[in-house]
Participant: 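The structure follows.
Reminder, nothing fancy here: chain letters follow the sequence lines and each chain counts from 1. These numbers were taken from a predicted model, which means no experiment stands behind them.
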Protein chains: 2
Amino acid sequence: MKIGELSKTTGCSIQTIRYYEKEGLLSTPERTEGNYRLYGERALKELEFIKHCRSLDIPLTDVKRLMELKNKPEESCASVNKLIAQQLALVNNRMRELKALKAELQQMASLCTTENTIEACGIIKSLDS
Amino acid sequence: MKIGELSKTTGCSIQTIRYYEKEGLLSTPERTEGNYRLYGERALKELEFIKHCRSLDIPLTDVKRLMELKNKPEESCASVNKLIAQQLALVNNRMRELKALKAELQQMASLCTTENTIEACGIIKSLDS
DNA sequence: TATAAAGTCTATAGTGACTATAGAGTCAAG
DNA sequence: CTTGACTCTATAGTCACTATAGACTTTATA
């Protein structure tokens, strides 16, 4: 299939697919006589793997490492484990931050009624303190 | 005070301060004979305001708008209100995503014991599906 | 007083993960 | 045989910074 079809099937934009190729995440596709990229099952699977990792916010460098590890099936998966644990720690951190953030935003929202002038606005006041 | 002191007082890096100035968020500072930036109370307050907004993940364009609104104290604060509500919606969305993400990462972590080879690794398997 | 060290200046490039655009080439349908 | 859809490469833009190079200014020390 050509890049447009791959894009539709996977939901990745065409530019993103080419970007992943440039970054060495997708294996170099064959080309038609007219120099169009040609993809098969393999590229589809690679792309789905990347998509899945990205939906977990795993950075592309780590995705690349994971894909390389996949090709060394006899090695220990300790590094895979570590990577996921790190990712989990990041997510936990970010969630804690977001909770605090949400609380403050809600508090701010409650300080403002649309009828106020900016001078009297509780939100601006709270941002100033 | 000079930029280094402002940086230490506020915890913003020197480059960030200069960046905010370039983006029109900080008012243009005076200069010494030797062309060093000179800041006073005003810059300190502006910078604290920006920092506070940024800690709430409010994008710089919106911070700029808020600062402009602050200088029009007689206008209605409806737009301030709207901006905060939008930000809150974003945060809520992101929290929902992160929850799902965390659940999946935890599930994955539970699939792997360090003794496995990659071939048998539950994490890689789950990333593949 | 000389010089070394610390601070500051501007301008530019890099980050990550894309997105957008320009300008040219390819291919299928009417 | 031409129109339109698709694809190609190369380049620039996004956001909010961070990092660097190379020059200048100020302060501290010998």
Side-chain angles (χ1 to χ4, degrees), chain A residues 1-26 28-40 43 46-67 83 86-87 90-91 94 97 101, chain B residues 1-26 28-40 43 46-67 83 86-87 90-91 94 97 101:
Chain A
M1 75 185 113
K2 281 180 288 179
I3 201 167
E5 200 186 332
L6 184 64
S7 167
K8 263 178 202 149
T9 323
T10 59
C12 287
S13 81
I14 289 176
Q15 297 102 302
T16 299
I17 294 172
R18 292 199 277 243
Y19 171 72
Y20 286 162
E21 182 187 334
K22 192 158 69 73
E23 295 301 303
L25 284 139
L26 284 174
T28 315
E30 293 176 55
R31 300 282 184 138
T32 66
E33 271 182 52
N35 201 31
Y36 285 11
R37 288 170 179 81
L38 267 187
Y39 298 102
E46 286 172 347
L47 199 44
E48 298 283 8
F49 184 85
I50 299 169
K51 254 194 87 181
H52 196 170
C53 290
R54 289 296 302 134
S55 79
L56 298 171
D57 268 0
I58 296 173
L60 285 185
T61 43
D62 289 347
V63 177
K64 205 172 171 186
R65 270 180 57 210
L66 282 173
M67 294 178 83
L83 207 151
Q86 277 172 3
Q87 200 56 30
L90 277 181
V91 169
R94 189 63 187 138
E97 284 172 18
L101 216 152
Chain B
M1 76 186 111
K2 282 180 287 179
I3 199 166
E5 200 186 331
L6 185 64
S7 168
K8 264 177 202 149
T9 324
T10 59
C12 287
S13 81
I14 290 176
Q15 297 100 306
T16 300
I17 295 172
R18 292 199 276 243
Y19 170 73
Y20 286 162
E21 182 187 335
K22 193 157 68 74
E23 295 300 303
L25 283 139
L26 284 176
T28 315
E30 292 176 56
R31 300 283 184 137
T32 66
E33 271 181 50
N35 201 31
Y36 285 12
R37 289 170 177 82
L38 268 187
Y39 298 102
E46 285 173 349
L47 198 45
E48 296 285 8
F49 185 85
I50 299 170
K51 255 194 85 181
H52 196 170
C53 290
R54 289 295 302 134
S55 79
L56 299 170
D57 267 359
I58 298 174
L60 285 185
T61 43
D62 289 348
V63 177
K64 205 172 171 184
R65 269 179 59 212
L66 282 174
M67 293 178 84
L83 208 151
Q86 277 173 2
Q87 202 55 30
L90 277 181
V91 168
R94 189 64 187 138
E97 284 172 17
L101 217 151

Participant: Taking only the side-chain nitrogens and oxygens of A:Thr16, find out if one of them lies under 4.0 Å from OP1 or OP2 of C:dT19.
Facilitator: yes

Participant: To the nearest Å, give me how far apart CG (A:Asp62) and P (C:dT15) are.
Facilitator: 16 Å

Participant: Between B:Leu38 and B:Lys2, is the side chain to side chain contact (heavy atoms under 4.5 Å, CB included) condition met? List the steps.
Facilitator: CA-CA 5 Å; B:Leu38 268 187; B:Lys2 282 180 287 179; 4.3 Å; yes

Participant: Can you tell me if A:Arg37 touches the phosphate of D:dT7, counting only side-chain N or O atoms and a distance under 4.0 Å to OP1 or OP2?
Facilitator: no

Participant: On DNA chain C, nearest-nucleotide positions of B:Lys8 versus B:Arg31: which is more 5'?
Facilitator: B:Lys8

Participant: Whole Å only: how far is the OH atom of B:Tyr39 from the P atom of C:dG7?
Facilitator: 16 Å

Participant: Take atom CD1 of A:Ile17 and atom P of D:dT7, then tell me their distance rounded to the nearest Å.
Facilitator: 10 Å

Participant: Less than 4.0 angstrom between a side-chain N/O of B:Arg18 and OP1 or OP2 of D:dA16, yes or no?
Facilitator: no

Participant: Start at the 5' end of DNA chain C and walk down; is the nucleotide closest to B:Leu38 or to A:Leu60 reached first?
Facilitator: B:Leu38

Participant: Please identify which of these residues, B:His52, B:Glu48, B:Arg54, meets the side chain to side chain contact (heavy atoms under 4.5 Å, CB included) condition with B:Ile50.
Facilitator: B:Arg54

Participant: Is B:Lys8 salt-bridged to B:Glu5, cutoff N-O under 4.0 Å?
Facilitator: no

Participant: Starting at the 5' end of DNA chain D, which residue's closest nucleotide do you reach first, A:Ile14 or B:Ile58?
Facilitator: A:Ile14

Participant: Rounded to the nearest angstrom, tell me the gap between atom CD in B:Glu23 and atom P in D:dA16.
Facilitator: 9 Å

Participant: Calculate the interatomic distance between A:Gln15 atom CD and C:dA22 atom P; express it in whole Å.
Facilitator: 13 Å

Participant: Heavy atoms, side chains only, cut-off 4.5 Å: are A:Gln87 and A:Asp57 in contact?
Facilitator: yes

Participant: Is B:Arg54 touching bases, backbone alone, or none of the nucleic acid, heavy atoms closer than 4.0 Å?
Facilitator: sugar-phosphate

Participant: Quick one: side-chain hydrogen bond (donor to acceptor under 3.5 Å, both in side chains) partners of A:Asp62, sequence neighbours excluded?
Facilitator: none

Participant: To the nearest Å, how far apart are B:Leu90 CG and D:dC15 P?
Facilitator: 14 Å

Participant: Under 3.5 Å, which N/O atoms of the protein pair with N/O atoms of nucleotides 27-30 of chain C?
Facilitator:
from   : atom 1 : to      : atom 2 : distance (Å)
C:dC27 : OP1    : A:Gly34 : N      : 3.3

Participant: Under the side chain to side chain contact (heavy atoms under 4.5 Å, CB included) rule, what do A:Leu56 and A:Val91 come out as? Steps first, then yes or no, please.
Facilitator: CA-CA 9 Å; A:Leu56 298 171; A:Val91 169; over 6 Å; no

Participant: Verify the contact: side-chain N or O of B:Tyr20 to OP1 or OP2 of D:dC17, cut-off strictly under 4.0 Å; return yes or no.
Facilitator: yes

Participant: Roughly, in whole Å, what's the span from CG in B:Leu6 to C1' in C:dT8?
Facilitator: 14 Å

Participant: Atom NZ of B:Lys22 to atom P of D:dC15: distance rounded to whole Å?
Facilitator: 13 Å

Participant: Can you find a heavy atom in the side chain of B:Leu25 that is under 4.5 Å from one in the side chain of B:Tyr19?
Facilitator: no

